[in-house]
Amino acid sequence: MIKFEHITKRYGDTEVVSDVSLTVAPHTVTVVVGTSGSGKTTLIRMVNRLVEPTSGMIRIDGEDNRSVPAFELRRRIGYAIQGHGLFPHRTVAQNIATVPTLLGWDKARISAKVEELLTLFQLDPDFFGARYPHELSGGQQQRVGVARALAAEPNLLLMDEPFGALDPIIRAKAQDDLLAIQKHFGTTIILVTHDMEEAFRLADKIAVMDKGKVVQYASPAEMLVRPATPFVEALIGASERPFRQLAIETTGDAVEPGDAEGAPIPATLNQREALSELLWSGRTALPVAAADGRIIGRVSLDNLVRRAARPG
Ligand SMILES: Nc1ncnc2c1ncn2[C@@H]1O[C@H](COP(=O)(O)OP(=O)(O)OP(=O)(O)O)[C@@H](O)[C@H]1O
């Protein structure tokens with residue numbers, strides 16, 4: 001668990017992060033969004049102490065993050081940035097092995113880890129391990145960057161616009177990979193983006209920043225139903241386009257197993273109408289009925305929001 005307690009950062013007279021308090025649950029993805037200059041990067045860099053707060057404290061699993069030396073903290077916390085930051089004169093395998101080598105892992109363990117990660121990221125280890133970064137495409141380099149950040153099996157991964165430089169199709173694939181990998185390792189992820197669609201797609205919780213403050217910290221579904229400020233509403237509005245995609249699929253396509261209370265939604269209704277029913281009912285899930293009235297499962301707000309946010 002990561003706890004930000006009244007975190008403030010000032011540069012001279014300018015407060016770039018103002019009194020931020022929030023708690024990130026373990027094994028979840030928290031996405032920090034907001035306009036350019038709102039303090040997103042500064043906020044996450046205080047977690048691994050690339051930036052020191054002016055006041056406040058960050059606790060990682062209960063411990064003040066200043067209780068261990070900064071270099072040790074950074075070995076424990078994965079960090080992936082836009083443009084991957086790979087070492088150009090080291091092979092892909094050597095890049096991924098950076099932190100495990102610093103930690104003194106034995107050779108066999110390191111090469112097993114490199115092989116596991118390359119395989120997970122769908123890069124053939126025999127082919128890619130010995131290549132240099134410049135021999136890879138942008139998307140492949142990005143995957144190696146994330147693999148490197150995960151190499152020492154961190155419980156916590158910080159990501160700053162990791163997919164910012166990728167074209168939309170490769171970006172969607174990278175997001176899918178990230179979610180699969182997050183499930184596989186149970187990593188807690190804090191990711192910065194300025195892309196609301198990416199936030200809806202990846203987040204368990206979204207923190208919206210505006211001028212150094214976190215103006216809302218909520219699940220995508222909660223944010224959709226109850227945007228806290230006109231600024232949040234505007235951000236969501238800007239990403240309304242994907243919700244139109246829901247209009248072309250039926251509720252039947254989004255059925256999940258399980259029960260729910262409330263008036264059943266016909267499976268033939270389109271997903272946008274189902275979303276509207278859910279929002280109006282104030283429920284997080286409703287039962288779904290087949291043409292013969294039989295209940296075939298449930299449809300949930302979270303599921304529809306995720307479907308809305310995926311690329312068309
Ligand atoms: N080392 C520094 N010295 C002075 N000002 C800084 C420093 N680092 C960041 N800032 C300022 O703090 C503010 C917040 O920057 P930050 O990079 O955290 O924003 P951001 O939300 O991540 O923006 P972007 O989306 O453009 O990357 C900006 O106005 C920036 O100019």
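Every number for a ligand or one of its atoms is a count from 1 in the order of the listing.
Geometrically, Lys9 engages Tyr11 in a cation-pi contact defined by less than 6.0 Å to the ring centre and at most 45° from the axis. Figure legend: cation-pi geometry between Arg90 and Phe87, with NZ or CZ positioned under 6.0 Å from the six-membered ring centre and within 45° of its axis.
Here the heavy atom of the protein found nearest to atom 27 (O) of ligand 1 is Thr41 OG1, 3.9 Å. Protein heavy atom in closest approach to atom 29 (O) of ligand 1: Gly37 O, 4.1 Å. With hydrogens left out, the protein atom closest to atom 18 (O) of ligand 1 is Thr42 OG1, 2.5 Å, a heavy atom. The protein atom (non-hydrogen) at minimum distance from atom 19 (O) of ligand 1 is Gly39 N, 3.3 Å. With hydrogens left out, the protein atom closest to atom 9 (C) of ligand 1 is Tyr11 CE1, 3.8 Å, a heavy atom.
Taking any N or O of Ser36, backbone or side chain, at least one lies under 3.5 Å from an N or O belonging to ligand 1. For ligand 1, the polar-atom distance check against Leu43 finds no nitrogen or oxygen pair separated by under 3.5 Å. For ligand 1, the polar-atom distance check against Val16 finds no nitrogen or oxygen pair separated by under 3.5 Å.
A salt bridge links Arg171 and Asp195; the closest N-O separation between the charged side-chain nitrogens and carboxylate oxygens is under 4.0 Å. Taking the charged nitrogens against the carboxylate oxygens, Arg76 and Glu72 do have a contact shorter than 4.0 Å, which makes a salt bridge. Using a cutoff of 4.0 Å between basic side-chain nitrogens and carboxylate oxygens, Lys173 and Asp177 are scored as salt-bridged.
Here the options are Asn155, Thr188, Ile60, Asn65, the test is side chain to side chain contact (heavy atoms under 4.5 Å, CB included), and the partner is Ile77; only Ile60 passes. Each of Val24, Thr28, Val31 was compared with Asp204 under the side chain to side chain contact (heavy atoms under 4.5 Å, CB included) criterion, and only Thr28 meets it.
The closest approach between Thr35 and ligand 1 falls below 4.0 Å for a heavy atom of the residue. Ligand 1 has at least one atom lying under 4.0 Å from a heavy atom of Ser38.
Here atom 21 (O) of ligand 1 lies nearest to Lys40 when heavy atoms of Lys40, Lys9, Lys211 are compared.
Contact annotation for Val51 and ligand 1: no heavy atom of the residue comes within less than 4.0 Å of the ligand.
In this structure, the side chains of His184 and Leu120 come closer than 4.5 Å at one or more pairs of heavy atoms. You'll find the side chain of Asp124 stays beyond 4.5 Å of the side chain of Leu118, heavy atoms only.
Under the 4.0 Å distance rule, the nearest protein heavy atom to atom 3 (N) of ligand 1 falls inside the cut-off.
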